[in-house]
Student: 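One structure, pasted below without further comment.
Just so we're on the same page: letters track the sequence lines, and every chain starts at 1.
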Amino acid sequence: MQTETEIQSGGGQPVRCLLGMLGTDVHSKGIRTIAQLLRDAGIEVIYLGEHNSVKGMASAAVDEDADLVGLSFSSAAYVTYTRQLVEEMKRIGAQDIPIMLGGIIHPDDHAELREMGVRGIFGAGSTTEEIVEFVRSMGRSQ
Amino acid sequence: MGELADSILAGDRRAAGRLISQAERRDPQAVEDLGILYRHGGHARTIGITGPPGAGKSTVADALITRFRKLGQTVAIIAVDPSSPISSGAVLGDRVRMMRHCDDEGVLVRSMATRGALGGLSAATGDAITVFDAMGFDIIIIETVGVGQSETDIVGHSEAVILLQTALGGDGVQAIKAGVLEIADLIVVNKKSTSGSDKMARFLRESLHDRPMRADGWDVPVLLTEASEDIGIDKLTDTLVQRFYHNSTQDRVSVTRRRQVAAHLTALADVEVRSLTKRLVAGDATPEAWQAVLERRSDPWTLSAQLFEKLR
């Protein structure tokens with residue numbers, strides 16, 4: 001009974017994670033899977049789906065008071081798009097909101113992405129537990 | 001203290017987002033800021049959109065945003081989706097239907113999870129309305145979770161409740177049942193190109209016709225739309241404006257305001273009562289008392305009476 005009550009009350013503030021895809025990337029299966037997985041881990045996912053603009057994504061992060069922004073990529077243009085998003089977040093004063101990437105991310109690009117300020121990179125082979133643990137660690141209440 | 005309120009009154013959307021999050025987690029710090037903002041409000045017109053899952057609530061909201069923006073009005077949207085009863089997580093997926101407005105400064109969308117509230121809204125809905133009203137948004141649209149028959153909290157928070165239905169919403173018996181159908185100020189049969197839509201609209205009109213006149217004298221219209229094609233949205237917007245006009249007499253304004261304050265107070269009280277209930281059941285009931293009930297030496301009625309005795 002006690003544990004059930006604890007689950008119900010959530011033990012504080014659920015993490016709010018914005019999840020979306022930028023540009024022409026249409027491979028939405030992966031991001032839907034992640035959205036459900038995070039939901040089952042007690043995260044509030046603000047689901048933006050595919051075809052988002054950099055500007056729309058950044059303003060959504062602000063208006064929704066997101067604790068972090070998760071991007072999923074299956075196309076090769078992720079370095080360019082991520083850079084554009086980082087710049088836009090800076091422009092609107094939201095550079096403190098962490099960004100994580102998932103999908104097909106080549107290890108050769110990790111260093112460049114980290115340098116831009118990307119906090120989490122989850123390419124092929126990442127486990128569910130790793131992703132969930134990272135997202136939870138981004139909550140402000142922690 | 002009061003810093004967030006000052007920033008919000010200066011138009012800071014980041015601060016607005018933060019304060020709503022604080023209100024969602026019942027952070028005592030939020031109270032003072034909300035109190036300041038409340039004193040600046042009272043100007044926004046509020047629209048509620050409710051209906052079963054998949055009826056097109058977000059799509060109708062999106063179409064209405066476009067229309068009100070053309071009329072020069074700014075629009076804030078509070079979009080509520082359910083929290084998981086198991087993990088307390090959520091997928092808030094209403095915003096995705098409204099992304100074409102994401103570059104428009106005159107539109108603000110805030111997604112919220114129900115976090116255990118059962119009336120179709122978040123307990124912090126009234127708080128979010130307070131924030132957006134103080135920021136000067138002309139129109140506030142509140143979208144409920146996909147409802148069944150009983151989630152009627154929206155009625156207190158908005159002066160124009162749109163109930164969406166589709167052709168698949170059942171027959172003439174469904175149309176006379178108690179519940180959400182009774183609280184609608186406007187009924188909209190969306191996805192009108194689906195076969196059976198006209199019949200549905202007829203059922204609904206007939207059931208409305210058989211009801212006594214409403215106390216506010218408002219005649220509930222039944223409209224047909226195909227929101228994804230922007231069909232029927234002109235008429236819907238006109239009708240909403242008529243509804244606002246109808247509500248603008250001195251008497252009606254005070255009725256609406258009273259109802260909104262009552263809804264806000266009820267939501268705040270519910271949270272307190274729910275946490276009290278949890279404390280009573282999970283905390284105050286001793287392991288011995290539990291054991292007695294489990295072994296049928298006592299019973300739930302006796303234990304409940306004992307727990308409530310402490311409150312009196």
Student: Is the number of heavy atoms from other residues, nucleotides or ligands under 6.0 Å of B:Arg45 CZ greater than 12?
Tutor: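 Yes, enclosed.
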Student: Tell me which of these, A:Ile46, A:Ile92, A:Leu48, has more heavy-atom pairs under 4.5 Å with chain B than the rest.
Tutor: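 Of A:Ile46, A:Ile92, A:Leu48, A:Leu48 has the most heavy-atom pairs under 4.5 Å with chain B.
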Student: For A:Ala94, is it the side chain, the backbone, both or neither that has a heavy atom under 4.5 Å from a heavy atom of chain B?
Tutor: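 Both parts, heavy atoms under 4.5 Å.
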Student: Which residues in residues 127-145 of chain B have any heavy atom closer than 4.5 Å to a heavy atom of chain A?
Tutor: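 Residues qualifying by a heavy atom under 4.5 Å from chain A are absent, so none.
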Student: Check the surroundings of atom CD in A:Glu87: do more than 12 heavy atoms from other residues, nucleotides or ligands lie under 6.0 Å from it?
Tutor: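 More than 12 within 6.0 Å, yes.
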Student: Give a yes or no on whether B:Glu295 atom CD has more than 12 heavy-atom contacts from other residues, nucleotides or ligands under 6.0 Å away.
Tutor: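 More than 12 within 6.0 Å, yes.
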Student: Hey, is CZ on B:Arg297 packed in by over 12 heavy atoms from elsewhere, all under 6.0 Å?
Tutor: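 Above 12, so yes.
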Student: Please indicate whether A:Arg119 has more than 12 foreign heavy atoms, meaning atoms of other residues, nucleotides or ligands, lying under 6.0 Å from its CZ.
Tutor: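 At most 12 heavy atoms, drawn from other residues, nucleotides or ligands, come within 6.0 Å of this atom.
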Student: With a 3.5 Å distance limit and no angle check, can you tell me whether B:Ser88 reaches the backbone of A:Gly42 through a side-chain donor-acceptor pair?
Tutor: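 No: the side chain of B:Ser88 does not pair with the backbone of A:Gly42.
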Student: With respect to B:Arg14, which candidate in A:Asp63, A:Asp65, A:Asp96 satisfies the salt bridge (charged side-chain N to carboxylate O under 4.0 Å, His left out) definition?
Tutor: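 Only one of A:Asp63, A:Asp65, A:Asp96 forms a salt bridge (charged side-chain N to carboxylate O under 4.0 Å, His left out) with B:Arg14, namely A:Asp96.
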Student: Between A:Glu44 and B:Ala113, what is the shortest heavy-atom contact and its length?
Tutor: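 Reported closest heavy-atom pair: OE2-CB, 3.3 Å.
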Student: With a 4.5 Å cut-off on heavy-atom pairs, point out which of B:Ala90, B:Gly17, B:Gly93, B:Ala16 contacts chain A the most.
Tutor: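 Highest number of pairs under 4.5 Å: B:Ala90.
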Student: Show the nearest heavy-atom pair for residues B:Val91 and A:Ala35, with the distance to one decimal.
Tutor: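 For B:Val91 and A:Ala35, the tightest heavy-atom pair comes out as CG2-O, 3.8 Å.
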Student: If we define contacts as heavy-atom pairs under 4.5 Å, which of A:Arg39, A:His51, A:Met57 has the most with chain B?
Tutor: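 It is A:Arg39.
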Student: I would like to know whether A:Arg16 and B:Leu92 meet side chain to side chain contact (heavy atoms under 4.5 Å, CB included); could you show each step before the answer?
Tutor: CA-CA 10 Å; A:Arg16 289 172 66 83; B:Leu92 310 175; 4.1 Å; yes
Student: If you tally heavy-atom pairs under 4.5 Å against chain B, which of A:Ala60, A:Gly93, A:Cys17 wins?
Tutor: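 Answer, by heavy-atom pair count under 4.5 Å with chain B: A:Ala60.
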Student: Which pairs with one or both residues in residues 105-127 of chain A pass ring pair (Phe, Tyr, Trp, His ring centres under 6.0 Å), sequence neighbours excluded?
Tutor: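 Listed by first then second residue: A:Phe122-A:Phe134.
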Student: For the atom pair OG (B:Ser21) and CD (A:Glu64), what is the distance rounded to the nearest 0.5 Å?
Tutor: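 The OG atom of B:Ser21 sits 9.0 Å away from the CD atom of A:Glu64.
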Student: Can you tell if the side chain of A:Pro14 reaches within under 4.5 Å of the side chain of B:Arg115, non-hydrogen atoms only?
Tutor: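 They are in side-chain contact.
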Student: What closest approach, in Å, do A:Gly56 and B:Cys102 show between heavy atoms, and which atom pair accounts for it?
Tutor: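 What the structure gives for the nearest pair is CA-SG, 3.3 Å.
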Student: Can you measure from OG (A:Ser59) to CE (B:Met99) and round to the nearest 0.5 angstrom?
Tutor: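 One finds 6.5 Å between OG of A:Ser59 and CE of B:Met99.
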Student: Under a 4.5 Å heavy-atom cutoff, which of B:Val96, B:Asp94, B:Asp27 has the most pairs with chain A?
Tutor: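 Among B:Val96, B:Asp94, B:Asp27, the one with the most close pairs to chain A is B:Val96.
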